[in-house]
Amino acid sequence: PSHDNSGKIVFDNDRITLDGNYNFTVGSFAIQNQVDVKGTSTFAYQSSLTSTINSYSRWRMTTGSYLVIGRKTGTSGREPLSFVDATSEFMLNDATLVVTSSGMKMTRGVFILSKHSLVNLESTNYAGALVFGDGTAANDMRLRWLAGSTLKLPKGHFIYNVTDPT
């Protein structure tokens, strides 16, 4: 069957348990309120569209889950994930984030680290980095480490391009 990008899923106060690897290849989704993804499998975001974390909403990857994400069409492509504003949150809670070699930029939201998490950056140059912010105050991405949390960042390029690092 033929698939197109016109579909959009709204996850609203959902708990998603991955019992196998899942590839999200077409369309987009929105995170509303709190959405938890758990399980020891991989959620691979491979769509060419941008998905959104809405205001006052949190996407929480937890309990051994893996998120693989990055621009689909290369280092200058569309960002895979958008944060509506400073109340939009992405949380790694004892989980793994893998950013593909095409990289991604996160702006306007909050990245929260909880428990023991891993961020694997597959970039081989700065063009494929994980970037927080774009150098303007309006698009600063905040990083929040919860007490007792650890982060392993074994490889890749990370750029912290915020105007107010507090």
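Inter-residue side-chain proximity for Phe111 and Leu97 is flagged as met; some heavy-atom pair is nearer than 4.5 Å. The shortest distance between side-chain heavy atoms of Glu89 and Ile53 does not fall below 4.5 Å. In this structure the side chain of Thr107 never reaches within 4.5 angstrom of the side chain of Met141, judged on heavy atoms. Between Ser57 and Ser88 there is no side-chain heavy-atom pair separated by less than 4.5 Å. The shortest side-chain heavy-atom distance between Lys155 and Leu121 does not fall under the 4.5 Å cut-off. Within the 4.5 Å cutoff, side-chain heavy atoms of Leu143 are placed close to those of Phe132. Residues Val98 and Glu122 meet the side-chain proximity criterion, which asks for heavy atoms closer than 4.5 Å. For the pair Thr63/Asn93, no side-chain contact is recorded, criterion being any heavy-atom separation below 4.5 Å from C-beta on.
Val131 shares a hydrophobic cluster with Tyr126, Ile159; the chain of contacts runs through ILVMFWY side chains whose heavy atoms sit under 4.5 Å apart.
Heavy atoms only, all atoms of each residue included: Val37 and Leu18 are closest at CG1-CD1, 3.7 Å. A pairwise comparison of heavy atoms in His116 and Asp94 identifies O-OD1, 3.0 Å as the closest pair. Pairing each heavy atom of Leu118 with each of Pro154, the nearest pair is CD1-CD, 3.5 Å. Shown here for Gly135 and Thr163, the closest heavy-atom pair between the two residues is O-CG2, 3.1 Å. Between Asp140 and Asn161, the closest heavy-atom pair is OD1-O, 4.5 Å.
Remark: side-chain polar atoms of Asp85 are not paired, donor with acceptor, to backbone N or O of Ser55 under 3.5 angstrom. Proximity of a side-chain donor or acceptor of Asn54 to a complementary backbone N or O of Val84 within less than 3.5 Å is not detected. A distance-only check finds no donor-acceptor pair linking the side chain of Arg58 to the backbone of Gln34 [under 3.5 Å]. Formation of a donor-acceptor pair under 3.5 Å by the Asp14 side chain with backbone atoms of Ile16 is not found in this model. A donor-acceptor distance shorter than 3.5 angstrom exists from the side chain of Ser149 to the backbone of Leu113, with no hydrogens or angles considered. The backbone N or O of Ser123 sits nowhere less than 3.5 Å from a side-chain atom of Ser101 that would complete a donor-acceptor pair. Side chain of Arg71 to backbone of Ser102: a donor-acceptor contact under 3.5 angstrom is found. Side chain of Asn23 to backbone of Thr25: no donor-acceptor contact under 3.5 angstrom is found.
A single hydrophobic cluster is not seen to contain both Val110 and Phe90; linkage of ILVMFWY side chains at heavy-atom distances under 4.5 Å, directly or through other members, places them apart. Residue Val26 is not grouped with residue Leu81 when hydrophobic side chains (ILVMFWY) are merged at heavy-atom distances under 4.5 angstrom, including chains of intermediate members. Placement of Phe83 and Ile9 within a single hydrophobic cluster is found when ILVMFWY residues are connected by side-chain heavy-atom separations under 4.5 Å, directly or transitively.
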Run the side-chain contact (heavy atoms from CB on, under 4.5 Å) check on Ser48 and Arg78 step by step: do they pass?
CA-CA 7 Å; Ser48 61; Arg78 183 185 301 210; over 6 Å; no
Evaluation steps, side-chain contact (heavy atoms from CB on, under 4.5 Å), between Asn5 and Ser47:
CA-CA 8 Å; Asn5 275 324; Ser47 177; 4.0 Å; yes
What do the steps show when you test Thr96 against Asn120 for side-chain hydrogen bond (donor to acceptor under 3.5 Å, both in side chains), and what is the final call?
CA-CA 8 Å; Thr96 298; Asn120 233 338; over 6 Å; no
For the pair Val35 and Asn13, evaluate side-chain contact (heavy atoms from CB on, under 4.5 Å) and give the outcome as yes or no after the intermediate values.
CA-CA 5 Å; Val35 175; Asn13 279 327; over 6 Å; no
Go through Leu146 and Met91 one step at a time and tell me if the side-chain contact (heavy atoms from CB on, under 4.5 Å) criterion holds.
CA-CA 10 Å; Leu146 300 185; Met91 176 184 244; 3.7 Å; yes
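One distance of note links CG of Leu130 with NZ of Lys105; it measures 11.5 Å at 0.5 Å rounding. The CE atom of Met104 lies 10.0 Å from the OH atom of Tyr45; values are rounded to the nearest 0.5 Å. For the atom pair CG of Leu49 and CZ of Phe24, the computed distance is 8.5 Å after rounding to the nearest 0.5 Å. Here the CD atom belonging to Gln32 is positioned 13.0 Å from the CZ atom belonging to Phe11, to the nearest 0.5 angstrom. With rounding to the nearest 0.5 Å, the separation of OG in Ser117 from NZ in Lys152 is 11.0 Å. To the nearest 0.5 Å, the span separating OH on Tyr56 from CG on Asn33 amounts to 12.5 Å.
If you run side-chain contact (heavy atoms from CB on, under 4.5 Å) between Leu92 and each of Leu67, Ile112, Val119, only Val119 comes through.
Within a 6.0 Å sphere centred on NZ of Lys72, heavy atoms belonging to other residues, nucleotides or ligands number more than 12. Few gaps surround CZ on Phe29; more than 12 heavy atoms of other groups in view lie less than 6.0 Å from it.
Phe43 and Trp59 have perpendicular rings, their planes meeting at more than 60° on a 0 to 90° scale where under 30° would count as parallel.
With respect to the salt-bridge test (charged N to carboxylate O, under 4.0 angstrom), the residues Asp36 and Arg60 qualify.
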